[in-house]
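Heads up: the structure comes next, in structure tokens.
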Amino acid sequence: MAHHNMFLWIVSVLLLQNSVLAEDGEIRSSCRTAPTDLVFILDGSYSVGPENFEIVKKWLVNITKNFDIGPKFIQVGVVQYSDYPVLEIPLGSHNSGENLMAAMDSIHYLGGNTRTGKAIQFALDYLFAKSSRFLTKIAVVLTDGKSQDEVKDAAEAARDSKITLFAIGVGSETEDAELRAIANKPSSTYVFYVEDYIAISKIREVMKQKLCEESVCPTRIPVAARDEKGFDILLGLGVKKKVKKRIPLSPTKIKGYEVTSKVDLSEFTSNVFPEGLPPSYVFVSTQRFKVKKMWDLWRILTIDGRPQIAVTLNGVDKTLLFTTTSIINGSQVVTFADSQVKTLFDEGWHQIRLLVTEQDVTLYIDDQQIENKPLHPVLGIFISGQTQIGKYSGKEETVQFDVQKLRIYCDPEQNNRETACEIPGFVSRMDYFPPSVASVLSEQ
Ligand SMILES: *[C@@H]1O[C@H](CO)[C@@H](O)[C@H](O)[C@H]1NC(C)=O
Ligand SMILES: *[C@@H]1O[C@H](CO)[C@@H](O)[C@H](O)[C@H]1NC(C)=O
């Protein structure tokens with residue numbers, strides 16, 4: 001009974017906050033809900049000063065607003081440190097965002113020296129070690145000066161415990177090498193610099209995206225020299241087992257899959273996108289087709305078969321449609337109807353790339369920017385339905401087409417790195433690859 005009441009209570013709180021629920025109580029999965037233990041390790045040394053410390057607290061509250069707080073979702077802990085670390089907020093001590101944010105607001109500034117290493121070790125021993133949840137663990141270290149103790153061992157001990165460390169350096173007194181030693185690799189992803197505390201609000205959105213990538217996109221796709229966080233949807237849908245016939249994208253050595261109408265490329269969304277998608281991502285696919293009807297290259301359906309997210313090719317009027325969720329009425333569709341979209345329908349190989357952000361979606365075809373369209377803010381997705389590729393719109397029937405690649409990259413920056421080198425005859429700024437990279441590409 002108590003359990004039942006608790007459930008109803010959670011349901012009503014969630015409904016009030018974000019209307020994240022469907023009628024049957026299923027939760028929309030997104031970064032708001034992805035189970036995560038998140039600990040902020042805040043510099044409270046003399047150099048910060050009480051005014052800046054107030055700014056840091058507001059920043060913390062602003063970031064926390066992006067998350068649903070609770071034992072099933074995200075729990076936030078806070079350590080303030082100077083000579084000694086102080087446990088300001090234990091992980092999981094607040095079961096509502098309001099209480100947690102009030103607790104953040106009432107943290108008192110310490111003042112003292114900067115012993116960052118000790119603070120990281122403290123977070124490991126007294127916050128993370130006390131959490132029994134098996135999930136994503138992240139620590140964000142915020143500092144404005146060089147540490148008076150060694151950070152390297154504590155940071156490595158944290159990484160050994162599967163904790164991902166971000167380091168934020170504020171002002172000119174921080175030491176680059178130290179921030180890099182604290183943070184995970186690559187430093188370009190895990191180290192941030194801001195000129196002063198006023199500027200810290202500028203990295204709020206990027207922090208939000210990065211924190212989300214950690215919890216929502218744990219898988220990595222090998223791309224050239226680096227592993228990118230994301231989802232290889234073709235692999236996720238078992239294309240290697242389901243499609244036997246391979247076709248070369250001659251004259252390249254790259255091979256594609258020949259999808260026939262007998263194949264069913266479907267999988268439960270909970271197996272492909274267990275925590276939904278991040279706020280920004282890049283969709284990339286390379287395909288060729290002759291279909292002259294309306295079909296979904298990729299779609300994520302609700303349990304009753306409605307598209308929540310879809311990339312649709314309209315063979316009738318030669319346009320491309322992008323469907324996603326919306327806070328307005330649940331669903332929004334944008335249509336790309338630029339004349340260059342027609343090239344997709346010429347039966348040759350083409351790469352489609354969609355850069356989706358919180359504000360807009362931009363279409364690229366064969367590495368050329370085509371059109372940008374605004375988006376309303378989106379909601380999370382229900383993961384109880386299916387994720388499918390190559391299906392006629394509104395039907396279960398598979399489209400006959402050839403596909404070489406179909407991926408989601410979680411880091412929007414990948415949009416600037418990805419080229420259409422697999423397209424026959426494609427010439428780009430990255431036209432030549434070192435042999436090792438070329439062989440990786442040809443294996444796909
Ligand atoms: C917090 O959010 C408010 C409202 O969006 C904004 O005005 C303020 O600058 C933010 N502060 C920080 C420190 O991020
Ligand atoms: C939401 O509104 C748009 C127009 O703004 C409409 O095209 C669409 O069908 C609506 N979706 C739902 C699910 O009602």
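Counting starts at 1 for both ligands and their atoms, following the listed order. We count residues from 1, following the sequence as given.
Separation of the F231 and F273 ring centroids falls under the 6.0 Å cut-off. Taking the six-membered ring for Trp and the full ring otherwise, the centers of F289 and F345 sit less than 6.0 Å from each other.
Applying the side chain to side chain donor-acceptor pair (under 3.5 Å) test between D366 and each of Q340, H350, Q351 identifies H350 as the sole match.
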* To do: Carefully, step by step, assess Q209 and E205 under the rule side chain to side chain donor-acceptor pair (under 3.5 Å).
  => CA-CA 6 Å; Q209 169 76 17; E205 288 306 308; over 6 Å; no

* To do: Please lay out, stage by stage, how T387 and E267 fare under the test side chain to side chain donor-acceptor pair (under 3.5 Å).
  => CA-CA 5 Å; T387 292; E267 181 55 75; over 6 Å; no

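Taking every heavy atom of S201 and a limit of under 4.0 angstrom, the matching atoms of ligand 1 come to 12 (C), 14 (O). Each of the following atoms of ligand 1 lies closer than 4.0 Å to a heavy atom of I55: 13 (C). Remark: ligand 1 atoms within the under-4.0 Å shell around heavy atoms of R204 are 1 (C), 2 (O), 10 (C), 14 (O).
Within the 4.0 Å cut-off (strictly below), a protein heavy atom is located near atom 1 (C) of ligand 1.
Remark: ligand 1 and N62 share an N or O pair separated by less than 3.5 Å (distance only, no angle test).
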